[in-house]
Enquirer: 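Have a look at this one before I ask anything.
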Number of protein chains: 2
Amino acid sequence: MSTSQQAILVAVSTVIFALLPDRRGDVRVHLPLVRRTRDPYGDQWALPGGWVRQEESLSDAGRRTLAETTGLRPSYLEQLYTFGRPDRSPGQRVVSVVYSALVRNHEAAAAVEGENVRWTSADDCTGLAFDHDEIVQYALWRLRTKVQFAHVAQHFLDERFSLAQLRGVHEAVLQRSLDPANFRRQVEASGTVVETGERQTGGRHRPPKLYRAVVPDGSAGPLRTAGPLA
Amino acid sequence: MSTSQQAILVAVSTVIFALLPDRRGDVRVHLPLVRRTRDPYGDQWALPGGWVRQEESLSDAGRRTLAETTGLRPSYLEQLYTFGRPDRSPGQRVVSVVYSALVRNHEAAAAVEGENVRWTSADDCTGLAFDHDEIVQYALWRLRTKVQFAHVAQHFLDERFSLAQLRGVHEAVLQRSLDPANFRRQVEASGTVVETGERQTGGRHRPPKLYRAVVPDGSAGPLRTAGPLA
DNA sequence: ACAAAAGTGTTGCAGATACACCCATGA
DNA sequence: TCATGGGTGTATCTGCAACACTTTTGT
């Protein structure tokens, strides 16, 4: 036997975060779920995902299955963790490589909401199929402990944004208010966003400067162009 | 088709770090390599690893294949990343879940060094089979950017250790010298190590206090008993 | 007594927080 | 002119790096 085992299936799942208003109008972290149609956990809600095909990369599989099930097309997926307990899927052995991404609100709107796709508040999202509850908790913990200005700006906001918008994003993610003055200085010191020279007019107040994110990103996985300490 | 694909193989590899003296006597980060006997990359050096069996968890597979190839048995494996480029193994599609661990010197000595197992300095370790060069670089980057007092103490040192020993470990990992006074304060402030009350006698100098690591560890992956911000 | 390493104190710098204050706009 | 949020200045606090200094052992 040159390759002693065959019967392990490789799947991908995706945890997609967006900032949407909940019933009370507060902006909170949400994620899309899909209803399962087949039997392990039939009819229950689960993370978007599917099988990895022979010739596609893991992240491509994540992108493809996400698009197929929800219509979402995030630009950048980050690998989160690989789950492989032998009993995590009844009947067959499945190893799931889980990816995570952030999407802008108008991209989130592209999701084909309906009978089988639904956005849920990430904090009270429970009772999912398989070990997906655990996966969501871990993804949320990672989001909150590793927020970076440029990263969040680039993926939750449009190309140009005001610092107030960026602050709003951080406040929604971290669930606490931040001092505008100190937030501004931190962002400026980080060097990861830069002024565009433009201003946002139209509000009933002084028009804010607009910024854009700088940095190619690739922060949290192999293939970094130039990692820290390198 | 209930499960559309079958032909992806799941493997594990392990990057094991130990602090060993190099030819010049300097303590440096080393890792064990095994010589491949079969053909993709036959005779070349590679990370220890093997196929995941049907009924074992991914980390158990890591433990087992590491023991089979090298004789090493680290207590705690941490998942590093999952590599799955379609072309990373010639001929067949292989997804490799990579784990990392730290071992004490006397544990490292348990490795069956010989014709087919060799410890190498991690920094000038190149020309490995598959994409293993890339994996080693990433593991090393993670080790150096995420050094934590308790974590390193627990896995590189014996149960009781002096702060000088702990400092020596950090200096070897980070490849620079550290101020003893500041190091002591940082460690004490971290609260992750605690005095045992004992002292180390026998050196030709003032006997240092001995410490031991506190904390259940489980720091960098799901299944944390109580993660930050929880 | 001396060497060597353990351990303590002190100072200066850098970044973060808190908060007072001024600025520009729409209504 | 006032309400609203944009934007600046500044005192204070906190943590860390640097380094001088004292203490305790073995020889």
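Keep in mind the model is a prediction, meaning the values are calculated, not measured. Scope of the values below: all heavy atoms of this structure, side chains included, with no hydrogens, waters or symmetry mates. Note on naming: letters A, B, ... go to the chains in the order of the sequence lines (proteins, then strands), and numbering restarts at 1 for each one.
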Enquirer: Is any side-chain N of the basic residue among B:Glu134 and B:Arg85 closer than 4.0 Å to the acidic one's carboxylate O?
Expert: yes

Enquirer: Could you state the CZ-C1' distance from B:Phe149 to D:dC16, rounded to the nearest angstrom?
Expert: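 Whole-Å distance recorded here is 12 Å.
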
Enquirer: Would you say the ring centers of A:Tyr76 and A:Tyr99 fall short of 6.0 Å from each other?
Expert: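 They do not qualify: ring centres at least 6.0 Å apart.
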
Enquirer: Return the value, rounded to whole Å, for the distance between atom CZ of B:Arg184 and atom C1' of D:dC16.
Expert: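 These atoms are roughly 17 Å apart.
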
Enquirer: Quick test: give all pairs of protein nitrogen or oxygen and nucleotides 12-14 of chain C nitrogen or oxygen below 3.5 Å, distance rounded to 0.1 Å.
Expert:
none

Enquirer: Whether A:Gln200 contacts D:dG6 is assessed here as follows: a side-chain N or O lying under 4.0 Å from the phosphate OP1 or OP2. Is that the case?
Expert: no

Enquirer: Would you call A:Asp26 and A:Arg24 a salt bridge, taking side-chain N to carboxylate O under 4.0 Å as the test?
Expert: yes

Enquirer: Take atom CZ of B:Phe183 and atom C1' of C:dA6, then tell me their distance rounded to the nearest Å.
Expert: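 It works out to 14 Å between those atoms.
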
Enquirer: How about A:Phe183 and A:Phe149: are their ring centres within less than 6.0 Å of each other?
Expert: yes

Enquirer: Under 3.5 Å, is there a donor-acceptor pair between the B:Ser96 and B:Arg88 side chains?
Expert: yes

Enquirer: Which letters describe nucleotides 18-27 of chain C, given B = protein heavy atom under 4.0 Å from base, S = only from sugar-phosphate, - = neither?
Expert: BB---BBBS-

Enquirer: Find the distance A:Leu166:CG to D:dG6:P and express it as a whole number of Å.
Expert: 12 Å

Enquirer: Main chain of A:Leu72, side chain of A:Thr70: is a donor-acceptor contact present, judged purely on distance under 3.5 Å?
Expert: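 Yes; at least one donor-acceptor contact below 3.5 Å.
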
Enquirer: For B:Arg212, check salt bridge (Lys or Arg N to Asp or Glu O under 4.0 Å) against everything at least two apart and list the hits.
Expert: none

Enquirer: Using whole Å, report how far CD of A:Gln186 lies from P of D:dT8.
Expert: 16 Å

Enquirer: Judged by atom type as modelled, is there a donor-acceptor pair below 3.5 Å linking the side chain of B:Asp158 to the main-chain atoms of B:Arg160?
Expert: no

Enquirer: One thing to verify: whether A:Glu107 and A:Arg104 come together as a salt bridge, which I'm taking to mean a side-chain N less than 4.0 angstrom from a carboxylate O.
Expert: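 The answer is yes: the pair qualifies as a salt bridge.
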
Enquirer: Given atom CD of A:Gln165 and atom C1' of D:dG6, what is their separation to the nearest angstrom?
Expert: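 Those two atoms, CD and C1', are 13 Å apart.
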
Enquirer: Given atom CD of A:Glu188 and atom C1' of C:dA16, what is their separation to the nearest angstrom?
Expert: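 That distance rounds to 15 Å.
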
